[in-house]
Structures are given as structure tokens and as C-alpha cells.
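One structure below.
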Amino acid sequence: MNQNLTPETIDKAIAAFCLKGTLRSASPYGNGHINDTFLVTCDLAGAEKKYILQRMNHSIFQNPQALMENVAGVTSYLQKKIAEKNGDPDRETLSVIQTKDGENYFEDSLHNFWRVFPFIDNTFCLEKIENAGDFYDCAVAFGNFQRQLSDYPAETLHETIPRFHYTPSRFQDFKKAVADDPLGRAASVQPEIDFALSREADTRVLTDHLEKGELPLRVTHNDTKLNNILFDNETRKALCVIDLDTVMPGLSLYDFGDSIRTGANTGAEDETDLSKIGLDLSLFETFTEGFLAGCAGSLTPLEIRLLPMGAKLMTYECGIRFLADYLAGDVYFRIHRENHNLDRARTQFKLVADMEQKWDEMTKIVARLSKQF
Ligand code: ADP
Ligand code: GN1
Ligand code: MG
């Protein structure tokens, strides 16, 4: 359990929400890097009723009220869309549980910010792709998520983390972390720093197209890693897109790229044996096919052509974010061991290097599949 959170603090937070039944237990849950997540189990007339309680990461999300306005707006919109298509709005999207005061979140006396979602039962999360069919479903689900939100009033969305995927700013932040080097770590990671610096020109490719008006700004998820999708235990189908904290205007290529980064990697994000890291071209193809199907013809020819760049840039960007955080003293991403963020940065850079080796194949796959859509 997070050191700063006592059972009393957690119980007080739970008591603020309109939950059904009497509280039985609350225990840490999931593998997210950002929020503190708890599975809350209540007893309702002998049956179990479960919820997800989260303490939002307030230093990362500086305006929890704006964040929850986004999440409440997007989830109620999705609920309507899913119901119109005779889907199950209770399982195919999150919904926000209100506090007893009718708010979307609860601020406690210690300045912690809490929210509750219904636990979507009989589901599982994947940390690694076990078969291509799962990855295809994931791609359709993320593509479909983007399409479902294509007519969402984007101007009502708050930017929960400014310039979240604006890679040129991430690059400047990275250079600042190298220059500041508060723990004197930079000298020991010079090859990784050089790898990142030598690819500066890439950082501007997508944003230049965006600024010239050549790429459309869409409502995107922006954090489409594999474990942000719940799969149905019974059907093994991708059921629900979760972790909606960064739903904001963005590029379709961000969502495509972040899924390739996490799902088409032959190894784990924090693998220490770099020989296990690489791009699985067959999974790249599977995801591309599913994403194009999920977006159902809504991507422009330039978006499609840039899909390999989306994959490379999201991987590179994540790598410089991990390395910057390692240099800064691990203040952003939760770590579970020494050098965890450095290990994560190394896998991302190895994956980028492998994509560069496989660039022609990636481009050919996209060109071939684009003819079908
Ligand atoms: P983080 O921002 O820290 O990644 P997430 O919102 O992704 O937090 O939640 C962390 C994990 O908790 C998810 O990967 C998933 O396993 C689980 N989870 C989150 N919300 C739900 C839910 N409503 N039902 C079931 N599991 C959930
Ligand atoms: C974080 O919240 P989570 O664990 O799904 C991060 C992503 C990174 C990812 C790297 C809000 O995602 O941007 O790509 O870690 N989320 C935020 O694993 O910074
Ligand atoms: Mg998550």
C-alpha cells in the first residue's frame, strides 16, 4: 500500500461516495504507473459488490476537477452511443460514481483527490500479448474509441497535461533533465543520452504536419497501452477502454503508436535483457489492420502513411520521458526497483533502433493494408 495512505484515509475516502452495501475490504490493485488504484469490495445482502477507488496523481494532474469533468463528459457520451447500438453501457465504458455531495470526486482534508468507478467484473487486463487475435481486438477497440468520439465537442475538453504528446517539448524537457542532472546520473548513461539527442529531427515530424494543417486534430485517448483495455473473461473480446485521464485533442498517430510500443514489443517495457526487445512485425501488421478497421475509413491518406512514424515517435518519446525521469530522481513514473526507469528507457530505445532496421517492412505493410480500407 502507498506509504502516504493509511487505512483510515482510504476508509474516509470510501465513505464519501454513494456505494452500495457495507465495506468489506480495500486493497491495492493493477499495474498503473500513475494513480493509486484500490479494489473495494462491499457486502450487499450476502453478494459482493466491487468498485475501483483511485487517488488521482495530483502532482501530475494539477487540476483534478477539470480532469473529472472530462472523464464524466466522455463516459456519459459513450454510454449514450453504446446504448444506441444496443451495447451494454455498464460494461463497455467506465462511469463515474458520485460522492454523497453529488460531486465527481472527493477532496479529503489531506489534499488527496479521490474518484470511484464501478469495477467491471469478469474481465482481465493483458500486460503482454499472448495471441494475435487479442491484439487485433485491441486495435479495433482503440480505433473504434476514436471514431465514437469523432463528434464529441472537443472544445469542452480540458488539456489535463499540457503538451502531453508534443514531442518537441518533451525533447526540451529531456535536455533540461540532462543539464540539471541533480543526482549526477548523466555521466553513467551517456550512450542513452546520445541515442536520444541524435534523433532530434524526428521529434518535429508529426507536429510540423499538424501545425501546417496537414493532420487533423481529433479527440484521442493518448495512453493506449495494452493494460488500458479490459477484456471479457467469457468472450475474450476487448470490452472496455479505461484510463481516460488523458482523453484530449490529439493525433490518431499517438493512439496507434502507443499501442504498438506496448503490444508489438517482443519483450516487456522494463525487461533488462535487451536481446528480448524488438518489434514483432507480424503483430505490427495485425494491429495496423485492426486499427484501420476500427477507424472504419476515417483516417486520411497522410495519417495512414505516417503510422510507422507514429509507432517510432511514441516509443522514442516514452524513452526520453523515462530517461528524463531517471535523471530527475524518479519523480514521475512509479518505480519498483533501482534503475527501473533507466531499464524502461533502454527497452524503448532498443525498440526504436529495431523499428529503424525494419522501417521498409513497416512501410510496406502499411501501404499494402491501406489498399483494403
Ligand atoms: P493508471 O493511470 O495508474 O494506469 P488505471 O486507470 O489504468 O490507472 O488503472 C490501473 C489498473 O486498474 C488497470 O490497468 C486495470 O487493471 C484496473 N482497473 C482500472 N479501472 C478498472 C475498472 N473499472 N474495472 C476493472 N479494473 C479496472
Ligand atoms: C503511464 O497511467 P499508465 O500507467 O497507463 C503514462 C503514459 C506512459 C506510460 C508508460 C498520464 O501510463 O503516458 O506512456 O505510463 N501516463 C501518464 O508505461 O503520464
Ligand atoms: Mg493505466
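Not measured: the values here are computed from a predicted model. Remember, it's 1-based here, ligands and their atoms both numbered in the order they're listed. Atom set for the values below is all heavy atoms of this structure, side chains included, hydrogens, waters and symmetry mates excluded.
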- Message: Just to confirm my output: which protein heavy-atom neighbour is closest to atom 24 (N) of ligand 1, and how far is it?
- Response: I120 N, 3.0 Å
- What atoms of ligand 2 come within less than 4.0 Å of a heavy atom belonging to C318? 10 (C), 14 (O)
- Pick from R321, R261, R344: the one approaching atom 10 (C) of ligand 2 most closely through a non-hydrogen atom: R261
- Task: Please write down residue, atom name and distance for the protein heavy atom closest to atom 11 (C) of ligand 1.
- Result: G30 CA, 3.9 Å
- With sequence neighbours excluded, what pairs up with D325 under the salt bridge (Lys or Arg N to Asp or Glu O under 4.0 Å) test? none
- Task: Report yes if the distance between the aromatic ring centroids of Y29 and F38 is under 6.0 Å, otherwise no.
- Result: no
- Item | Proximal atoms of ligand 2 relative to D243 (non-hydrogen, under 4.0 Å) | 2 (O), 3 (P), 5 (O)
- Output the list of atoms in ligand 2 that are nearer than 4.0 Å to some heavy atom of N228, sorted by atom number. 5 (O)
- Task: Would you verify whether the NZ or CZ of R115 falls within 45 degrees of the ring axis of F117 while also being under 6.0 Å from that six-membered ring's centre?
- Result: no
- Item | For atom 9 (C) of ligand 2, closest protein heavy-atom neighbour | K225 NZ, 3.7 Å
- Query: Taking only heavy atoms of F322, which atoms of ligand 2 are found under 4.0 Å from at least one of them?
  - Reply: 10 (C), 18 (O)
- Numbered atoms of ligand 2 (with element) below 4.0 Å of F61, judged on heavy atoms: 11 (C)
- Query: Could you walk me through whether K358 and D354 pass the salt bridge (Lys or Arg N to Asp or Glu O under 4.0 Å) check?
  - Reply: CA-CA 6 Å; K358 293 173 176 160; D354 197 49; 2.7 Å; yes
- Message: With a 6.0 Å cut-off on the ring centroids, do Y51 and F119 count as close?
- Response: no
- Item | atom 8 (O) of ligand 1 - nearest protein heavy atom and its distance | Q54 NE2, 3.4 Å
- Query: Between F322 and R344, is there a cation-pi geometry (under 6.0 Å to ring centre, at most 45° from the normal)?
  - Reply: yes
- Message: Which of the numbered atoms in ligand 2 are under 4.0 angstrom from any heavy atom belonging to E269?
- Response: 10 (C), 18 (O)
- Message: Below the 3.5 angstrom mark, is there an N/O of Y332, backbone or side chain, next to an N/O of ligand 2?
- Response: yes
- contact_flag D245 ligand 2 heavy-atom lt 4.0 Å: no
- Message: Do the side chains of D173 and K176 get close enough for a salt bridge, i.e. N-O under 4.0 angstrom?
- Response: no
- Item | For D121, the option from K50, R91, K49 that meets salt bridge (charged side-chain N to carboxylate O under 4.0 Å, His left out) | K50
- Task: Have a look around the Mg ion (ligand 3) and list protein N/O/S atoms under 2.8 Å, or say none.
- Result: N228 OD1, D243 OD2
